[in-house]
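Data block below; observations after.
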There are 2 protein chains.
Amino acid sequence: MKKVKTMHSLMPLPIEMTLADKELVIDSEFRIELSGHVEPRLERAAMRLSERLAQITGISMHRDQSAAREDATLLIHVDEKVAEVQSATEDESYTLDITAKIAVLRSRKLYGALRGIETFVQLVRQSDYGFVVPAVRIKDRPRFPWRGLLIDVTRHWIPPAVIIRNLEAMASVKMNVLHWHLTDDQGFRIESYRYPKLHELGSDGLFYTQDDVREIVEFASDRGIRVLPEFDMPGHTSSWFVGYPDLASAPGPYRIERNWGGHEATMDPTREETYEFISNFLSEMVTLFPDLYVHVGGDEVSGKQWQGNPDILKFMVSEGIKDTRHLQAYFNCRLHGILNKLGREMVGWDPILHADLPEKSIVQSVRGQKWLAEAVCNGFQGVAGSEYYLDLLRPAEFHYGSDPFGAEAAELTTKQQSLIIGGEASMWTEFANAENIDSRIWPRAATVAERLWSSRNVTDVEDMYRRLAEVSRLLDWTGITHKSGPRRMLYRLTDYGSIKALSTLAEILRPSFDTRWENHDYTSLTPLNRLVDATVPDSEKVRRFSRMVEQFIADPSDIVLQDALETQLRVWLYNHVELEQDIQQSQLLTELGPLSETLTHVAEIGLQSLAVLTTGKRMVHTEWEKQMIQLKKATDPITEVVLLIVPDIQKLNKAVRTVR
Amino acid sequence: MKKVKTMHSLMPLPIEMTLADKELVIDSEFRIELSGHVEPRLERAAMRLSERLAQITGISMHRDQSAAREDATLLIHVDEKVAEVQSATEDESYTLDITAKIAVLRSRKLYGALRGIETFVQLVRQSDYGFVVPAVRIKDRPRFPWRGLLIDVTRHWIPPAVIIRNLEAMASVKMNVLHWHLTDDQGFRIESYRYPKLHELGSDGLFYTQDDVREIVEFASDRGIRVLPEFDMPGHTSSWFVGYPDLASAPGPYRIERNWGGHEATMDPTREETYEFISNFLSEMVTLFPDLYVHVGGDEVSGKQWQGNPDILKFMVSEGIKDTRHLQAYFNCRLHGILNKLGREMVGWDPILHADLPEKSIVQSVRGQKWLAEAVCNGFQGVAGSEYYLDLLRPAEFHYGSDPFGAEAAELTTKQQSLIIGGEASMWTEFANAENIDSRIWPRAATVAERLWSSRNVTDVEDMYRRLAEVSRLLDWTGITHKSGPRRMLYRLTDYGSIKALSTLAEILRPSFDTRWENHDYTSLTPLNRLVDATVPDSEKVRRFSRMVEQFIADPSDIVLQDALETQLRVWLYNHVELEQDIQQSQLLTELGPLSETLTHVAEIGLQSLAVLTTGKRMVHTEWEKQMIQLKKATDPITEVVLLIVPDIQKLNKAVRTVR
């Protein structure tokens, strides 16, 4: 027996699980049997499971069932039929019992079986007997019924194939809502037959055809994922007005906006024609989206256009609407009326919160947990959004540590908390495009998926990162390019030279979202082909280095640690010598000189601190102060990236002061 | 000015080209203008070009033409309309003139423009001004009009997405025929409404729907690629007979064959019902495939079933057919009659060659150049096939060195040679599946593409490999997984540990096709997840090492070379120490112990030889002999791979003898 893997790598972690020391072998004779209520979606899911096992293991699965083994390897039993349209509160519970002979997956409804299949896939591992799943008993169900991923397809165009592979990835971590941000100032990304100038003039030709949409909705449905379309109104609507300026509260012409931040374009909520248009448009859209909910946005309505329009001001006076906030509430009531006639309910960002908001509406937080708490205090259902903005490029542990019941929501009563039905990770695309969006969403979204599925007390960050690394590998097999994309980008950066030195630098960086956001030169046409675009927020390398530094400071006499730290610091010290050659060879690398040199300086200070700490020889105080200032400066972003090891070197530098 | 790239990396090499020392900048303002005869395929090609440039450069291309620069960056002019269906002899010539201000691509027909667009893409490179194409004048046209790639989708199932991305790759090196080997003993891979038991019982459910086929044919047509379907008859037909055993010459039942080599299943050419079936079936198929040609296979007809069937023997006597070869000719004449009624001509493998073969038939060589020569001597058009079997996993230079006019075809008259209309690279899939087929086809197929497009005197192997490396990078952007696939497989092999030591070994190996072919245990269910499956035939590493060894032997006093060789040999010497750890961790690596140890021994001999050659100290003759024997043994494949550095070490070892 070469190795026994006693740990599993499930993410999200199931509610209850018991592992046994046995294994069920997965080979080419693997066979699935379905029983109970078998619907075509379950059959297709079983087929996909075989294909995915074949992919992960490299073993062709026997298709000729008559020739395969008689007993099934995996029995899937579903008790009951589900309604045609997936609701926001489906039963997703399942049990999975695996022995050395057979695996049995049972669920009351289809959705539980779909979730259990993903658990099965995550259990696959290598052993001395080849590929196996461990013997296990799992009883599982989600903590929240609404576990979403928002993808903004407006700031940068995200082609259908990218959406498709992200749905596959969402399914693999049991997420069940694709929140599709389809329209904004920067683009109107869905085809409308009724109002063709919306997509024709509002998208630069980059939009989903209705066939694309149907395919995506069906693909999602097959995986138990609801598709929630967002048509952001009445603000964020510049792209609508390019073709239909009469909808706006101020005269046009309008153009597709190419820069970021708030724009003033706002629908005119006082004209009946506006509601006629919205009604016709939404009537068409609901034929494409079967979900009960439509997201109507409602964020960042500046009110400037309203205040500047005498007709609108007159309307407000005559209707007794005291301010623009109440005018938006009026608009939302009308919107709600339209949706209700179409058999739909609305979801909106927290600025829609208002006494007049129709009661079945769902409020999604965008300005912080405070607003989520506020929404449920007022009796609305709430979806946690603000803490899970993936585009801010914070490390996974940040999102992992944010609970829907946390911060301001912690003070709520149990009954109020029960109105918080889940959350959504959000991927806004000001600084992401089809090439690198996967690397911005994954694997971090998996930690949000776990936060929303698993028990609240599952909070071990170390174990999360361990499992996240395994999930990341699995995602690689689903076609997600979170690993291959940045790698290819590094090659482009070196003009297809060696990426060794550049990788050494890249793996200890994180992109600085704030620096970019503050740079108002950015538009949708700014190239995203720089190092910052190929850099991801979590660094396993730096996590390991931080641990070593901490241990070393606690015990500077540990020779093994001394050696390891010195070796690592020397790699960083000399990296610039190599990278400088590459910089000479590639125009795209030109900007990196100062950053790369900073790494050299920081590593040098680290080595000097190390020497002081190991030899006990004191450092001249002015020298130490100089270093401290240098390090402080090195914490600033350079070329929009942050050197992640600086805080660790600062710890070493600080420890030097204790040497007297 | 940091660097000047004086070389380009075009493949296939154009017929005429002149490079100038100027550059045209590619930025987000890049704009294409079309003129002359503009058909939708050209518009789509222009759109794709923008997208591909955006992909390669990471620069978003401006879609809003009104906002873009006034002058086009690239003007594409096509003179004339083309016929609806692409023929086998289209005009594909084009000229491409690039100055620092504008690029102008001109062609008589659409096809020339499509080829020129690919040249343009291959010209993109980085300079001090960002991404550019060099100023150049190109006049180009293909040497042969038929430049194909055969993909066998029967031995292993190759899903539609894999075909699609391979079409994209074919287009990028100007190949223009997808020869789609759709039926064989191991599978019937296309949906038939007329005879549904063909795909239902003959494919394990792994077949292309007619929608898939239409999509693929259209995708190919958009890229100027003809799709030539192959329905191999009368042999290689087991899968047909599972559902329709009456077609066979011997009673059933039949099953889908799962092992390789020839099978005896053969259609009964004496029954009218056979022709009625074929006629109905082909009538259905020609609605899917617009090409003039249908490939009817015709290879490896064993004749055993015919000789064992008294009715067939009686028929032969009554019709005066003297042997089975003539019976196959009779079958082919009938087949030709059916195809002609459908407005089609036939292509077949060289065994169809026979005095009675209808004159417009095309013969594709499978048994060697001799048969290609034989075909054209007999007045038929010929397509070179036998020298371009990619599945044999020979290095690129082998195929590159094989000319359609070479070997037995060299003796032909110019007029006879003119009947050789091109060639095809063939990818049979006994030992390849969806996971690794890309790495078996690419980048090597590009050298076949060059052989068939460029002048015969373009034969510089060094330069070919240099350009092939660049083509390989471009292919990476088209979605071809020839790089990412094997890399992922290495990770699977180490169970997601480090792949450092395994890569060091893998990059100096080539798979041994022969060893696998001789192993009759292989079936379509044998896992293809071993090191041999992740190994490719060409090793840049070994080519570099070979050059170093040659130079060193010529001048053993070269200290730089001594050092470099020693460093490299030491890496190999110690690799096993590291790999052994990985082997302990992964069951899939277990078999690799002996191979990895062999590398150690070979490297050790190399180091000893090096020492002798540099110090001049003689080696004991018996020791030398022992080493020679060890090296001889090391040339044998181990676990189905060949250690490519052995011949170089043998050269060093041999050189030792000269030290007296």
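Below, chains carry the letters A, B, ... as their sequence lines are ordered, and counting in each starts from 1.
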> If you take all heavy atoms of B:Ser524 and A:Ser60, which pair is closest and at what distance?
Replying inline: O-OG, 3.7 Å
> Looking at B:Asp476, B:Ile59, B:Thr526, which has the largest count of heavy-atom pairs under 4.5 Å with chain A?
Replying inline: B:Asp476
>> At a 4.5 Å cut-off on heavy atoms, which part of B:Tyr491 comes close to chain A: side chain, backbone, both, or neither?
In response: neither
> Which heavy atom in B:Gln587 sits nearest to a heavy atom in A:Gly130, and how many Å separate them?
Replying inline: OE1-CA, 3.4 Å
> At a heavy-atom separation under 4.5 Å, does A:Ser203 approach chain B through its side chain, its backbone, both, or neither?
Replying inline: neither
>> What part of A:Thr481 gets within 4.5 angstrom of chain B, counting heavy atoms only: side chain, backbone, both, or neither?
In response: neither
> In Å, rounded to the nearest 0.5 Å, how long is the span from CZ of B:Phe131 to CG of A:Leu588?
Replying inline: 4.5 Å
> What are the two closest heavy atoms between A:Asn529 and B:Thr57, and how far apart are they?
Replying inline: ND2-O, 2.7 Å
> Got more than 12 heavy atoms from elsewhere within 6.0 Å of CD, A:Glu507?
Replying inline: yes
> Going through the checks in order, is the side chain to side chain contact (heavy atoms under 4.5 Å, CB included) test met by A:Trp477 and B:Arg488?
Replying inline: CA-CA 9 Å; A:Trp477 292 110; B:Arg488 200 145 55 182; 3.5 Å; yes
>> At a 4.5 Å cut-off on heavy atoms, which part of A:Arg487 comes close to chain B: side chain, backbone, both, or neither?
In response: side chain
> Between A:Ser28 and B:Leu525, which heavy-atom pair has the shortest distance, and what is it?
Replying inline: CB-O, 4.2 Å
>> Checking B:Arg492 against A:Gln126 for the side chain to side chain contact (heavy atoms under 4.5 Å, CB included) test, could you report, in this order, the C-alpha distance in whole Å, the side-chain angles of both residues, the deciding distance, and whether it holds?
In response: CA-CA 9 Å; B:Arg492 180 203 282 141; A:Gln126 289 186 42; 4.1 Å; yes
>> Please classify the contact of A:Arg473 with chain B as side chain, backbone, both or neither, using a heavy-atom distance under 4.5 Å.
In response: side chain
>> Would you say that more than 12 heavy atoms from the other residues, nucleotides or ligands in this model lie under 6.0 Å from the CD of B:Glu540, or not?
In response: yes
